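Atom set for the values below is all heavy atoms of this structure, side chains included, hydrogens, waters and symmetry mates excluded. Since the structure is predicted, the reported quantities are computational estimates derived from the model, not experimental observations. So you know, we letter chains A, B, ... as the sequences are listed, proteins then strands, and number each from 1.
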Amino acid sequence: MDMLSALFQESYFTVFNYSGDKSEFAVMNCSQEFDADFTFVLFPWVKKLGLKPEEIGLKLGEYLLNNNSISGYFVVKGFFNFTLHDNFWMDEIYRIHKLKTNELVVQTDTPLKYLVEYCSPNTNKPLHLGHIRNILLGWSLSNILKAIGHRVETTQVINDRGVAICKSMLAWKKFSNGETPESTGIKPDHFVGDYYVLFDKKLNEEYLSWQNSDEGKTILKNLLGQYVNSLNSDPSVNDEKITSDLFKKYKNDYFNTYSVLGKEVREMLLKWENHDQETRLLWKKMNDWVYLGFNESFKKLNVSFDYIYYESNTYLLGKDIVELGLNKGVFYQLPDRSVWVNLEDVGLDNKIVLRSDGTSVYITQDLGTIKQRYERHHSDKYIYIVADEQDYHFKVLFETVKKLGEPYAHNLYHCSYGMVDLPTGKMKSREGTVVDADDLIAEVIHEATSMAEERGEIAALPKEQKDKICTDIALAALKYFILKVSYKKRMIFDPKESVDMQGHTGPYIVNAYVRIQSILRKATFSIDLNVPAKISRPERNLIRSMNTYDKILFEAADSFDPAHLANYLYQLAKDFHKYYHDHRILNAETAELINFRLMICENVAKYLTHGMNCLGISMPDRM
RNA sequence: GGUCCCGUAGCUCAAUUGGAUAGAGCAACUGCCUUCUAAGCAGUAGGUUACACGUUCGAACCGUGUCGGGAUCACCA
């Protein structure tokens, strides 16, 4: 494609004495409805050259034809459609056929070092669907960047401290009777998560009985009065709704002021911060359970991390930066000793960066960890894969770093992905509507297994091999289902559809590959480079697609979006399925044709494997 | 209320970054397995791209406004 742009650039200079930037000469694939390889749009040139589209097309076409650069052309309206010589496409087939997988992609001429952060869970509950989207994006983006020649390190910061973790710790301490994951047989991260849920349940019970106590009644009555006034008496709201709204709103305040459990949690957090031995031991024990469970989930998803940071080690970082900011005059201090940054000049507000008691807030830590990353990794680009609910936080963070004039200030990227919703609405952990990662994976594997049994294609294989294939197919379905959607968009996840294996799905693409493998197993003679008489339109289109693979990968890398690649692979698989249906391969008419078609098949398989592997999907040979 | 994001077939998503008659899958209906794996192929039906102006050879895409939905705006993380 790039080569074609150059061709038009050169032709314009010769024919019209026009010299322009290469980017002015964009060439596209010709639309399916015409029998041509590529299209060059003439409209923009009508004004620039002062000629009619037909005249431009004619002059251009005759020149290119005489030059032997193209084999034919025709102009429809303002579109210059043209076709390249067969030997160009044949050369492409040979070239691709000779390439090894790691040579398939053109390498970037500006290789950089990336640090990609993704996943970053809390240790109070197991991974859910939101983490899965995050993980798949991070993993496949890293693969894509590596594929085009960048160096990539991956990392996650585990949020292993704070109030939430103390809640599950307290619940376990009070209500577990010493139960463990081993004694109950529950997956350890789920085990801990169950105590987090239990805490909330116990808190609700406590809150409810407090509401009926004299103290509670008086306070809530007062609040109710104020609240009803503030509602401006909307007639559609009934008393019950008002009370339940208030109940929800006030719960947090209750937790912080009247709750006995709340008090115990805060005491526990304080003990933790003061390195109380018993608390730290409990904390370590429960977190270790969670890591055991997380690692099992990561392994199932077939992802890993190069560097793991723990918030318990980094949460005190950043205070030196606050000091630096104050000295530089970038931050200011109020009389109560809290420290702030004014971001009004970039359209944001004043944000606190250090509390009046001198302790850190979220952004203090992040300022610290960014700097630590820079010092330890010296990457060229730092990518944070974090949901779009944190857009504001990252804007503030990055602008603050810019104001500080840090050397890495312009190398920070928030890859902000849309949250995952269910057909029934938002996922809410409190209401138990969260789709658990492990449950989901188990469900797709179950579905893939029963589909495979129905088909019977792999029935004769040993169990171990069958299980591996079914797992691959299941993960292909799940991963592709999520990655095919552009990451910026909020997506609706229907668990029923995620186990679909027909149509625009991962298994559909795997199937194209499996069909090729099946043919290759049956092929009796080895491929040898002979020239066949003619390349058909479907074949030209297949090669043309493979020829644009580089461009797709670079696009995906530039936009941080694996969905470009996912959709490309579907199109390639679709074209192949049709080709397979319309053309006999092993019993084609002549030996040359068999040879030729086998080459095409092998080439397609190469790209499908490479692309799917970039998405983090492994390809079985049979299904 | 301020800021940001989104609105495409009944549903879930695309659209080569401003190009030809807006495409797929699912769901519905109809065909194709004695031939390389039917997790496949072909077909029917489904659209005022939320709405209105504007920019230009050309707009789902850019601009302005309206309507609708979401996120966020803690001395929480």
Side-chain angles (χ1 to χ4, degrees), chain A residues 1 26 28-34 39 41-44 46-47 53 76-79 81 122 159 161-164 252 311 315 334 336 338-340 347-349 351-357 359-363 365-366 387-393 395-396 416 418-419 421 423 426 448 451-452 454-455 457-458 473 477 481 484-486 488-494 496-497 500-512 514-523 548 551-552 555 559 563-564 567-568 570-571 574 577-578 580-588 597 601 622-623:
Chain A
M1 220 69 119
M28 345 180 272
N29 289 344
C30 183
S31 161
Q32 290 282 356
E33 65 201 290
F34 301 110
T39 298
V41 185
L42 299 171
F43 291 115
V46 175
K47 233 176 210 172
V76 181
K77 291 189 256 178
F79 297 94
N81 301 317
N122 300 326
N159 302 301
R161 60 166 285 280
V163 174
N252 202 32
E311 199 199 336
Y315 82 108
L334 292 183
D336 69 359
S338 59
V339 182
W340 297 73
L348 304 166
D349 355 327
K351 294 295 294 184
I352 190 162
V353 294
L354 198 69
R355 288 199 193 101
S356 50
D357 64 4
T359 57
S360 302
V361 288
Y362 185 32
I363 196 163
Q365 295 177 41
D366 266 358
D388 62 7
E389 61 183 347
Q390 296 205 38
D391 282 357
Y392 183 72
H393 168 71
K395 265 187 199 163
V396 168
S416 156
M419 310 261 280
D421 289 326
K426 285 182 70 169
M451 293 278 285
E454 237 173 73
R455 282 162 46 89
E457 200 74 51
I458 58 169
I473 293 168
F481 186 74
K484 76 172 173 183
V485 180
S486 188
K488 276 186 186 164
K489 285 196 169 175
R490 221 183 159 90
M491 72 177 283
I492 296 180
F493 183 94
D494 188 341
K496 284 204 299 284
E497 287 174 19
D500 278 350
M501 316 224 167
Q502 269 118 21
H504 189 178
T505 66
Y508 175 95
I509 299 169
V510 174
N511 188 31
V514 163
R515 283 176 142 183
I516 295 172
Q517 296 314 304
S518 174
I519 290 173
L520 294 176
R521 277 195 299 273
K522 288 178 178 147
T548 54
K551 200 179 137 214
I552 298 293
E555 251 173 44
S559 57
H564 287 294
N567 288 305
Y568 164 89
Y570 173 66
Q571 191 58 50
K574 194 173 158 68
H577 274 305
K578 174 143 180 65
Y580 175 91
H581 181 266
D582 294 343
H583 299 76
R584 284 163 302 161
I585 291 160
L586 288 177
N587 33 8
R597 288 178 182 171
C601 287
R622 300 165 198 263
M623 66 193 289

> What nucleotide, of B/rA15, B/rA20, B/rC73, holds the atom closest to the side chain of A/D349?
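It is B/rC73.
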> Roughly how many Å is it from CG in A/D388 to P in B/rG69, rounded to a whole number?
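Atom CG in A/D388 sits about 18 Å away from atom P in B/rG69.
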> Regarding A/V361, tell me which of base, sugar-phosphate or nothing describes its non-hydrogen contacts under 4.0 Å with the strands shown.
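Here A/V361 touches the backbone only, sparing every base.
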> Can you tell me how far C1' in B/rA20 sits from the matching atom in B/rC13, rounded to whole Å?
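Here B/rA20 and B/rC13 have their C1' atoms 23 Å from each other.
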> Looking at A/K574, does any N or O in its side chain come under 4.0 Å of the phosphate oxygens OP1/OP2 on B/rG25?
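Yes, A/K574 has a side-chain N/O under 4.0 Å of OP1/OP2 on B/rG25.
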> If B/rU16 has a Watson-Crick or G-U wobble mate with both distances under 3.5 Å, name it; if not, just say none.
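Check on B/rU16: unpaired, no WC or wobble geometry under 3.5 Å.
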> Would you indicate what A/M491 reaches in the nucleic acid, counting non-hydrogen atoms under 4.0 angstrom: base, sugar-phosphate, or nothing?
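Contact class for A/M491: sugar-phosphate only.
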> Applying a 4.0 Å non-hydrogen cut-off, can you work out what A/Y392 is touching in the nucleic acid: base, sugar-phosphate, or nothing?
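Here A/Y392 touches the backbone only, sparing every base.
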> Given the C1' atoms of B/rA52 and B/rG68, what is the spacing between them in whole Å?
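Approximately 15 Å lies between the C1' atom of B/rA52 and that of B/rG68.
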> Identify the nucleotide, in any strand shown, that forms a Watson-Crick or G-U wobble pair with B/rG65, with both distances under 3.5 Å; if there is none, say none.
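Because both required distances fall under 3.5 Å, B/rG65 counts as paired with B/rC51.
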> Stacking between B/rA24 and A/Y570, yes or no? Criterion: centroid separation under 5.5 angstrom, plane angle under 30 degrees.
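Base of B/rA24: not stacked against A/Y570.
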> What integer number of Å spans the C1' atoms of B/rA71 and B/rC61?
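That atom pair is separated by 23 Å.
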> Does the structure show a Watson-Crick or G-U wobble partner for B/rA59, both distances under 3.5 Å? Name it, or say none.
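Check on B/rA59: unpaired, no WC or wobble geometry under 3.5 Å.
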> Closest approach of A/I458 and A/M623, non-hydrogen atoms and distance?
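For A/I458 and A/M623, the tightest heavy-atom pair comes out as CG2-C, 3.7 Å.
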> Using a 4.0 Å heavy-atom cut-off, does A/P423 contact any base of the nucleic acid, only the sugar-phosphate backbone, or nothing at all?
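Since no nucleic acid heavy atom lies under 4.0 Å of A/P423, the category is nothing.
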> Can you identify which nucleotide, out of B/rC36, B/rA74, B/rC26, has its nearest atom closest to the A/Q502 side chain?
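Within the option list, the nearest is B/rC26.
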> What nucleic acid atoms does A/E389 come within less than 4.0 Å of, heavy atoms only: base, sugar-phosphate, or nothing?
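Counting heavy atoms under 4.0 Å across all strands, the contact made by A/E389 is with sugar-phosphate only.
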> Report which part of the nucleic acid A/F79 touches: base, sugar-phosphate, or nothing (heavy-atom distance under 4.0 Å, all strands).
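The residue A/F79 makes base contact.
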> With a 3.5 angstrom cut-off on both distances, give the Watson-Crick or G-U wobble partner of B/rU37, or none if there isn't one.
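Across any shown strand, B/rU37 pairs with none.
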> Determine whether A/N567 and A/H504 make a side-chain contact, defined as any pair of heavy atoms from C-beta on separated by less than 4.5 Å.
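Answer yes - side chains close enough.
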> Taking a pair as Watson-Crick or G-U wobble with both distances under 3.5 Å, which nucleotide is matched to B/rC26?
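The answer is B/rG10, by the H-bond criterion.
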> Are A/R515 and B/rA38 close enough that a side-chain N or O sits under 4.0 Å from OP1 or OP2?
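Yes.
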> Would you classify A/I473 as touching base, sugar-phosphate or nothing, given that sugar-phosphate means primed atoms plus P, OP1 and OP2, and contacts are heavy atoms under 4.0 Å?
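Result for A/I473 = base.
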> Rounded to the Å, how far apart are A/Q365 CD and B/rA77 C1'?
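Nearest whole value for this atom pair: 8 Å.
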> Mind checking A/I492 for me? I need base, sugar-phosphate or nothing, with any heavy atom below 4.0 Å counting as a touch.
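The answer is sugar-phosphate, as A/I492 gets under 4.0 Å only of primed atoms, P, OP1 or OP2.
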> So, does A/H577 use its side chain to make a donor-acceptor pair with the main chain of A/N511 at under 3.5 Å?
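No: the side chain of A/H577 does not pair with the backbone of A/N511.
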> Syn or anti for B/rU17, taking syn as within 90° of 0?
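Classified syn.
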> What interatomic distance, in whole Å, is found between P of B/rU16 and the corresponding atom of B/rA22?
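Those two atoms are separated by 15 Å.
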> Within the 4.0 Å heavy-atom criterion, would you say A/N159 contacts the bases, only the backbone, or no part of the nucleic acid?
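Counting heavy atoms under 4.0 Å across all strands, no contact is made by A/N159.
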> Please tell me whether A/D391 and A/S416 have a donor and an acceptor in their side chains that are separated by less than 3.5 angstrom.
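A pair is found: one side chain offers a donor N or O, the other an acceptor, under 3.5 Å apart.
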> Counting only side-chain N and O atoms of A/K351, is one of them less than 4.0 Å from OP1 or OP2 of B/rA74?
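The answer is no; no side-chain N or O of A/K351 sits under 4.0 Å from OP1 or OP2.
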> Between the side chains of A/Y362 and A/Q390, is a donor N or O closer than 3.5 angstrom to an acceptor N or O?
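Short answer, yes.
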> How many Å lie between CG on A/N29 and P on B/rU16, as a whole number?
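It is 12 Å, rounded to the nearest whole Å.
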> Would you please determine if the base of B/rG19 is stacked by A/F43, with stacking meaning a centroid separation under 5.5 angstrom and planes under 30 degrees?
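Here A/F43 meets both the 5.5 Å and the 30° conditions.
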> With a 3.5 angstrom cut-off on both distances, give the Watson-Crick or G-U wobble partner of B/rC4, or none if there isn't one.
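B/rC4 is paired, partner B/rG70.
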